[in-house]
Structures are given as C-alpha cells and as structure tokens.
Amino acid sequence: MIKILKDGVNTREEIFCVVEPKVDVEKIVEDIIENVKANGDKALYEYALKFDKAQLNALLVSKEEIENAVNSCDKEFLSVLEKAKQNIYAFHKKQYREGFEIRQENGIILGQKVIPIEKVGLYVPGGTASYPSTVLMDAIPAKIAGCKQVVMVTPPDKNGNINPAILASAFVAGVDKIYKVGGAQAIAALAYGTESIPKVDKIVGPGNAFVATAKKQVFGKVSIDMIAGPSEIMVVADKNSNAKWVAADLLSQAEHDKLASAVLITDSQDLAKNVQKEIEVQLDKLDRKEIARESIDQNGKIIIVKDIESAIEMANQIAPEHLELCLDNAYEYLSKITNAGSVFLGRFCPEALGDYMAGLNHTLPTSGTARFSSPLSVDDFIKKTQYVYYTEQNLKELYLNVDYFAKKEGLSAHAKSATIRFSEDE
C-alpha cells in the first residue's frame, strides 16, 4: 500500500527511490565493451544467443522485414503513429535554430555556425516492454536537426524478430538503419563500430542499468544524451481533485518498472486517504499489476503539506521527471516551477498525454538532474562552431591588449603571436 507521510520530508532520497545495484554492473559492462571492441560482430552474435536466446543470421533488419512489419500493423495504429509524428514534429521544429553572424563597420566578422551531428544512434529498449513512442521521440528531433545518418539498435526476441510496432514506428520516423542488438553490447557497438554497425557520434535513448552504465562508460568516445534512472512522477493536487484520476496518473508510472516512483503531494488529508484507497482498487485490474504493486509498495508516497505553495516548493527541491499540477489554476503556478522535466497543467492533462500524443519529448532528466539538464530536443543533435575574421587594422588596434593579457598569464608565446605581426625586428 502506498505510504502517507506528513510534511517534514526534506530530501529527494526521502521521497524517491535510490537504486543500489545488487551486482557489479560496472565490471560486467566494462567486460562487454572490451569484448565488442575486440571481436565486433562475433561478440554481438554471441551476446544475442546468451541474453536474447536468439540465433541470428544478420544484425541488420532488412527492408523486407520492415515492410512486413508495417503491413502487419492495423491501420488505426499506423494512423495514431502519423498523428503523433505530426505533433512531435510541430513542437520540435520550433526548437530548430540557425547560426548568426555579426559584421561590424570596421570589417570585423564574428559568427556561429550550427552544424548537425553527422551520425547518431538511437537505443530502443525491449525486455518487459517495448516502446514505439520512444522511436518517434528520439528520431524526429534528429531528423529535424539534419543528421545525415540515424541508426537504431533494439534487442530481438528469441526468434530473432523485432516487435512490428517498433519497426513501424522507425519507418514512420524515417530511421535509416535498424540493427538487432540490445543491452550494453549495443551501446559498445555504436560507440566503437563493428563490421556491420557504424560508429556514431552520439547515442541517445533510455535503457536498463546495464545500458545506462554502458553509456556512462563510453561517454567521451561519443556523446550521450543523459544517464536515465527509473521513471518517476510527482502529482501536486488540491482538495478539489478527483481521487480516481490522481490514482490512475500515479499508477501510469508505477507500471513502468519495479523501481519507478510515484508521489502525490497534497494539502488535503481526505484526498490523500481517497487516493490511497483508489490505488488499491485500480492496481488489481492492471495488466502489469505485479510490477506496479512493487513500485507502489516500495517507492510510492503521499505527502500531506500545509498548502499548495509548500507543495510547489517541495517539487522544485526534488526536481521530478514528470510533474503534474492537478489544480484549478494550474497555469498560474507555472512561473514558480524551476526544476522539472515536463510539467502537466490542469486536471485534464495526464502524464501519458506527453508520452504519446501532445508533441513534447518524453525522454526526460531523472534522478533530480532536472535541476541542471533538459528534455531531449533538437539541441541534442546539433553542435556549434564559432568563427572570427580580423583585418590588419583590426588586430593593430588590439594586439597590445592581447600582449598585456597573455603576459599576465605568463604565456609569452601567446603574446608574441600577436606582437610579431607588428614588430620591425621580425
């Protein structure tokens, strides 16, 4: 049963789940990465047999497999995919930016180029659940940014097949190549390249502890989006909230993972008790009730505070991945939110809306990292290069300042690189 706590909890650790690995994930992942670096495709085939129980003949998903997957999906699903794509595209297109150039009257030119990252790899989980929505969320911003090559890796089932919904989503999103590989070995393949899988410049997408650890270990060799922890939701609700709706919203994250955290903050004891009861009613009807049950029992919390202002203050301190404001005047509180991955405003804005259809990205900072990081966006798929042009006269006006500054730092060669151009002795 979800726990009800009185105001007084002060730290994130008191509210959200803190995961302590039961095995030496770092060492296991390190060994996998070294094996893939040394043995390439051979290692990937071996891991597919070991972890996925799949005897693969090829890593690349063929065009025929993709066509068959699309044709096997019902028309309603394909229609929903297209509608989601349109909304995601419309939102993320607004994030697209161009470079700028400043031309001064004296001839100085300063500028910044915005350049798409050339090759990006998308990791899409399999396992206990597969998420075609993640394909859209990762691929569409990359396509908007202008990345030349967008490749996807995802684990196969024991028959060597990929979920048709995943392949259909990749087709709709415009993914260039898809490979049958998952886990830490997939991250290693993207980071270092194999005979079949190209080395990429950036890896994005969520995964389990092994995937997250692999991303951490290859960072520096390639760029990554973030280290994603277990899913989490915080709902701020007042006395006028519908307990059934709030309970359903909390369970929407609890069903993700046994380590997921679902937290309600309210100023109403009645709502707290009613939500606690309603969660029990709804839990037994869920398809993934065993997962949701452990999540709720171990990590679920209802916190009673003195007023909504206190709830907002706590939310900012905790920096949740998903933050729902189930309030009559929710939009009025938006300006007070400083730390959250995505904010869902009002009583008719469940978090699941953002997962699928609203257009916002659902790859979000977890584990309190919303204090300093952002949702996945077009910005994740670009890089910036700056440039400068000076004429002789422009440099002549500043070279003594460069000389002075450089000598202040004890860097005489820096100084000379400016003064040598105006020295009669050289």
Side-chain angles (χ1 to χ4, degrees), residues 80-97 114 116-117 120-125 129-147 150-154 165-166 169-170 172-175 200-207 211-212 215 223-234 249 252-253 256-257 260 319-325 334 337-345 349-383:
V80 169
L81 279 181
E82 287 290 347
K83 190 171 184 178
K85 174 186 174 180
Q86 292 172 12
N87 290 344
I88 295 166
Y89 184 91
F91 179 80
H92 288 80
K93 185 64 176 177
K94 291 290 186 180
Q95 299 170 345
Y96 182 82
R97 67 170 81 183
V114 174
I117 293 175
V120 297
L122 317 179
Y123 186 89
V124 177
S130 58
Y131 304 115
S133 58
T134 295
V135 182
L136 300 181
M137 296 293 177
D138 291 353
I140 292 172
K143 286 293 183 177
I144 291 172
C147 301
V150 178
V151 302
M152 187 179 94
V153 291
T154 190
I166 293 289
S169 189
V172 168
V175 173
V200 301
D201 304 305
K202 184 161 188 173
I203 302 170
V204 306
V211 170
K215 287 171 69 177
S223 178
I224 62 172
D225 53 348
M226 62 187 77
I227 305 295
S231 298
E232 55 193 47
I233 185 171
M234 177 174 282
D249 291 356
S252 73
Q253 288 305 294
H256 260 304
D257 185 344
E321 178 188 15
H322 306 99
L323 176 62
E324 286 190 15
L325 301 184
L334 180 60
I337 301 299
T338 56
N339 297 324
S342 274
V343 183
F344 301 84
L345 300 166
C349 200
E351 182 276 332
L353 182 66
D355 274 349
Y356 302 114
M357 299 304 298
L360 308 177
N361 206 287
H362 77 200
T363 301
L364 303 171
T366 62
S367 307
T369 58
R371 292 179 295 109
F372 52 79
S373 58
S374 308
L376 191 76
S377 72
V378 173
D379 287 342
D380 284 285
F381 299 99
I382 63 170
K383 57 183 180 178

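If you run side chain to side chain contact (heavy atoms under 4.5 Å, CB included) between H92 and each of L376, D379, V378, only V378 comes through.
Side-chain N or O atoms of D257 include none that pairs as donor or acceptor with a backbone N or O of S231 at under 3.5 Å. K215 places no side-chain N or O within 3.5 Å of a backbone atom of I203 that could act as its donor or acceptor partner. At distances below 3.5 Å, not a single donor-acceptor pair connects side-chain atoms of S169 with backbone N or O atoms of A165. Here the side chain of E82 pairs no donor or acceptor atom with the backbone of V172 at under 3.5 angstrom.
Side-chain contact annotation: E232 with Q253, donor-acceptor N/O pair under 3.5 Å absent. Using modelled atom types, one finds no donor on one side chain facing an acceptor on the other under 3.5 Å when comparing T363 with D225.
Looking only at side-chain heavy atoms (C-beta outward), M137 and I88 come within less than 4.5 Å of each other.
Heavy atoms of other residues, nucleotides or ligands lying less than 6.0 angstrom from NZ of K93 number more than 12.
One distance of note links SG of C147 with CG of D201; it measures 9.0 Å at 0.5 Å rounding. In this structure, CD1 in I144 is found 12.0 Å from CD1 in I382, a value given to the nearest 0.5 Å.
Using the six-membered ring where Trp is involved, Y131 and H256 have ring planes that are perpendicular, over 60° apart on the 30 and 60° scheme.
Across every non-hydrogen atom of E351 and I233, the tightest pair is CB-CD1, 3.9 Å.
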